[in-house]
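These figures come from a predicted structure and were not determined experimentally. As a basis for the values below, the full set of heavy atoms in this structure was taken, side chains included, without hydrogen atoms, waters or symmetry mates. Chain identifiers are assigned alphabetically (A, B, ...) following the order of the sequence lines, protein sequences preceding nucleic acid strands; residue numbering begins at 1 within each chain.
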Amino acid sequence: MSFLITCPICGRRSVHEFRFGAEDKGDRPFGEKVSPEELYAYVHERNNTLGLQKELWFHRDGCETWFSIWRDTSNDLEQPIQQEEICKRD
Amino acid sequence: MQTRLKTPTLRIDPESPIRFTYRGKECHGYSGDSVASALYANEVRIFSRSFKYHRPRGLFSLDGESASGLMQINRMPNMRAEQTLLQEGMRIEPQNVFGSPDLDLMSVVEKFSPLMPPGFYYKKFHKPYSLWPIFQKGIRKAAGLGRIDPDWDEGQYDALYLHSDLCVIGGGLSGMTAALCAADHGLRVVLLEARPWLGGFHDWQTRSSGTGQSAYQTIRSLAQQVVNHNAIRVLTNTYMSGFYHDNLITAVQTDTDNNLHCQNSIEIRSQSVVVATGCVERPLIFENNERPGVMLSECAWRLVRHYGIQPGSKAVFSVGHDEGVEAALDLADFDVEVLAIADSRHDPLPESLSARIRERSIPVYQGWAALNALGKTSVQGVVLGDLKENTTRKKTFSCDLLVASAGTHPAIQPLLLAHATPSFDKETGVFGVKELPPGVYLAGRAEGYHQDKGLEASGSLAGLQACHYCGKGRSEDVLKTEKELNSLAGRSNPSKIVRAPAQKNNGAGHKNFVCFDEDVTVKDIRRTIDEGFDAVELCKRYSTVGMGPSQGGIPGMNLPLIMGEYQQKESGDVLPTKMRPPLQPTMLASYLGKKFQVEKQTPLHVIQKKSGGQFMWLGKWKRPRHFTAEEHVPFEVKAVRNQVGIIDVSTLGKFRIYGPDALNALNFLYVSDMTTVRPGKLKYVAMCNEDGCLIDDGVITKIGTDDYYFTSSSGRAAETLAWFRYWTREKNWEYNLINLTDTLGAINIAGPKSRKVLQSIVDQVINNEALPYMGYQEVSLHKKFRAKLLRIGFLGELSYEIHAPASSLQSIWEELLDHGRSQGIAPFGLEAQNILRLEKGHVIIGLDSENKTTLSDVGLGFLWDRKKKDCEAIGIPALRLTENQEGRTKLIGFEMSHSQKVPPDFSLVVDQEIRGHVTAARHSEVLGKSIGLALVEDRLAAVGTSLQLYAGGNKDACLQARVVKTPFYDPEGKRLKM
């Protein structure tokens, strides 16, 4: 396993500079009515996707930023940004 | 020893002879020889014995494609004789030999070969199971490779990390052309070549290259151009070992520094890659096709042309490609009597070749191939036969050299490593790949071109394509070269046959070796398929074909064809097995690289070392455990309790956070109430994770508007920034967090006399009113240094933490020692600190807590602000859920029944079962008893409960202890506020 990851600040760099932060499941369920089960599922349960997955990475040996990328878990390679992401940025 | 032939293409230097020993006997070679060529010149014909049957094996290829040439060189096992350069004084021994290679006692094994079908280890030796260890010993001995010498000479293993625009694999004509073309367009190029020199297969050819020079002269001047080019880095003796995602190439450079114990491990991250690996020869498969004396055409040819060695006196050629015929003609000019050339192709040879054959009146058998090699330990003759069906025409020749080859096959292994899907080209009968990964280009013979013009044009094209991929060069140039290449003669048509048909043989494939490393024959493969292992990957694993040291080098491309033929499938339905790195056997030492152990040192490292500090690892840090001797520890403890001591606590995490949302971030990350943090006061706070487990504690103070200074535990310092940013990543909060851990050093001065000593260097007043317990003050020291004073009480005495710039810390340390001498000041280490904090019952996170220990479990529940709602800080819901949960593990203090008996750390708390463990226990002199902390099940946590501590040894020999309240020392905390 040795691929490149695009950091939004530093650009494409070797994966060894980054720390993996599990799949990006969006924001933590907030509010006062979150059940323990819901919270548990958010914290501990993983979808373990085969294929395209949105995931969090931390540029440990660089700018120390958290960001999300889309990556195909079947071949390890980062995929170009998804449409919904582009909408979100606009 | 043979006298070497004089040919202009020699790669040895006949002027500089080299002495070496083989089996203790003195031999001679020349500088530039490989171990294999030198041995061959010294009349060594049997190089080794095969893995399973102990059949004799000799020189077969010069590029290390089979295990036949593995030897013990200078005590290093499994060195490839073909690829190891000969050096003065080398000691060479054969391996896997009982007796000598010429007369091996284990060769009798072959007589029993019918009893050893594929998988026979699994079938025969496991019943009864108790006998297996005996069999195992015998089999390991008989089927071994080299012997590891425990006294091996340690070498140098360096790592190179290169970044390039283009990485060219293979330094032949097209590889060099691609490199030059790309470098001229401004690309930075790295070129890898496995042999010690550039040139590829042109390097030994004397035919005219059409420019008035011979092919070898042209290629050598081209090589000079490449080496001299500023933008090309050439790495020879370097084989590619792996091809990873996004064009990361790994390679190993051997024989660096002329020492075979030295290897460089190389990693190249390249934008684009040109694979110009050329071709490997496919062995022809026939009866006894691996007898010493049978060799590939390139091997025989290079022996003459590169090393000046005559490979034999009477030779028969059974080849399937034009270069094989050329080799025969060239050898004929060096006094090798070529008795016959069998060409497995049916089409007639090109006129240029047939004319030269007629001149030398060598009989040619078109559509024929070798069926059987005769002779017991070396070739003494050969049976050639007609390949057409329904004929039994045969002819026997007596000879001492049989050059056998089924033609060439593109070396596509690098592409298979890069996850390209293999495909079969029906027209040429070879395997290629369907689609190249982005930025990867194929050139030269690996792509199927064989004429010089095609090689050159395909090299240029690949170079230009790489330029284009890297954003340089013009696309018109690419199109123009592409057109030029397409206008040239098509790819050559090598022979499709890999195996002489079985019906012509007596043994039906019994001694037709497909894999030389593991002694796997055609018959073994058929039997494997019959047993149900009919997919290529299964067949490989069960029959072990291609699983030996050559990593599928020789059988890799033949196995699918043999399987397809037997299974009567369309050729191309069975594809080669998956390739995995390393492509060639690689020493573990070169993977390990240089042994570095990185340690972090505090600003006080040097001065503490001078004072006799005995250092220990603490995470990445080196910190003094104690000063002078172990027995000195009670003295250090006493100094703190009675007078004053100082300890280096620079490893503490130190942070500043500021900005309009700094308080929001703090409040969200910590379970404590951060709104009550005041200037000049310290607040003790705790941080939990989502499970409510304690991950960090520290103190915090306010140093300005929306501006805070806080500490974290040493182990957590590196993590804090990532943790803050992780949890606030979606919040758009405006704050800055600065890690000051390495910028500021820290000293803890503790003991009843600490204020007196400290006051003598601090310019401001720091009495009990100005700086009370849990107070914070910024001060100056001797008007020279600025420092932060934090009055805390981790060790249970009056004490101050001094946080000051790292550069000033050593001076402060010296000043404190100077001014404290009259007060009996002593530096102390981690062991004394451990005893002191234990007496106070203070928790060290990670030592006294586990991953599942919550804030309440360690008794720090008071740090949790109950008014916070579930969503207001990380860990609150879990804290609420687990607070009154039964069956949790709690941290308790205990006292030993016997005051002098101390259980070792991590002793178990037991009754009938394990109920917990001791996290730390020490003898306390000030209390006159032995005390400790333990994590135990909650039903044993009540004060007064007796505990049994198991400290190893006899299971009845448990130590007795009793749960008591903490802190053990000064429960009212009076000494902190003195």
Side-chain angles (χ1 to χ4, degrees), chain A residues 1-9 11-22 24-45 54-69 71-80 88, chain B residues 161-163 242-250 267-271 417-421 437-439 581 668 688-693 718-732 736-739 851-852 868-882 885:
Chain A
M1 185 197 77
S2 182
F3 46 95
L4 299 174
I5 284 179
T6 312
C7 168
I9 293 172
R12 277 192 110 195
R13 312 281 307 170
S14 163
V15 67
H16 300 299
E17 295 181 10
F18 297 86
R19 171 181 148 187
F20 180 58
D24 186 354
K25 293 192 284 190
D27 218 347
R28 176 174 175 257
F30 273 109
E32 286 158 49
K33 284 198 184 138
V34 181
S35 69
E37 288 76 20
E38 240 179 295
L39 195 61
Y40 175 85
Y42 177 80
V43 176
H44 291 292
E45 284 171 3
K54 190 184 179 191
E55 53 194 29
L56 280 163
W57 288 83
F58 178 66
H59 199 181
R60 186 194 55 225
D61 299 341
C63 60
E64 300 193 281
T65 302
W66 285 98
F67 57 92
S68 301
I69 58 161
R71 195 175 63 94
D72 189 338
T73 58
S74 65
N75 67 7
D76 283 346
L77 292 179
E78 186 186 5
Q79 299 296 318
K88 216 172 159 184
Chain B
Y161 299 91
L162 306 178
H163 292 261
F243 197 137
Y244 299 83
H245 288 304
D246 290 323
N247 301 341
L248 180 85
I249 312 279
T250 58
E267 254 186 59
I268 307 149
R269 176 72 72 179
S270 190
Q271 274 211 62
L417 276 183
H419 306 281
T421 320
F668 185 58
C688 293
N689 63 13
E690 281 277 27
D691 297 324
C693 298
E719 180 76 350
T720 300
L721 190 106
W723 186 254
F724 266 74
R725 288 197 170 166
Y726 179 82
W727 285 108
T728 56
R729 69 188 189 277
E730 305 266 2
K731 294 197 180 290
N732 289 321
N736 261 321
L737 180 64
I738 303 173
N739 187 348
N851 280 344
K852 57 177 185 181
K868 274 193 180 172
K869 292 189 188 129
D870 276 7
C871 58
E872 284 177 339
I874 297 153
I876 300 277
L879 279 178
R880 241 187 266 289
L881 271 171
T882 55
Q885 200 177 34

*Carefully, step by step, assess A:His44 and B:Asp691 under the rule side-chain hydrogen bond (donor to acceptor under 3.5 Å, both in side chains).*
CA-CA 10 Å; A:His44 291 292; B:Asp691 297 324; 2.8 Å; yes
_Parallel, tilted or perpendicular: ring planes of A:Phe18 versus A:His59, cut at 30 and 60 degrees_ = parallel
Does the side chain of [Y] come within less than 4.5 Å of [X]'s, by heavy atoms?
X	Y	result
A:Ile69	A:Glu55	yes
A:Glu78	A:Phe3	no
A:Ile5	A:Phe20	no

Given that the side chain runs from C-beta out, which part of [X] has a heavy atom under 4.5 Å from chain B: side chain, backbone, both or neither?
X	value
A:Leu77	side chain
A:Tyr40	neither
A:Arg12	side chain

*Relative to chain A, which segment of B:Arg269 carries a heavy atom at a distance below 4.5 Å: side chain, backbone, both, or neither?*
side chain
*asked:* For chain A, which candidate among B:Ala718, B:Gly242, B:Ala722 shows the most heavy-atom pairs at distances under 4.5 Å?
replied: B:Ala722
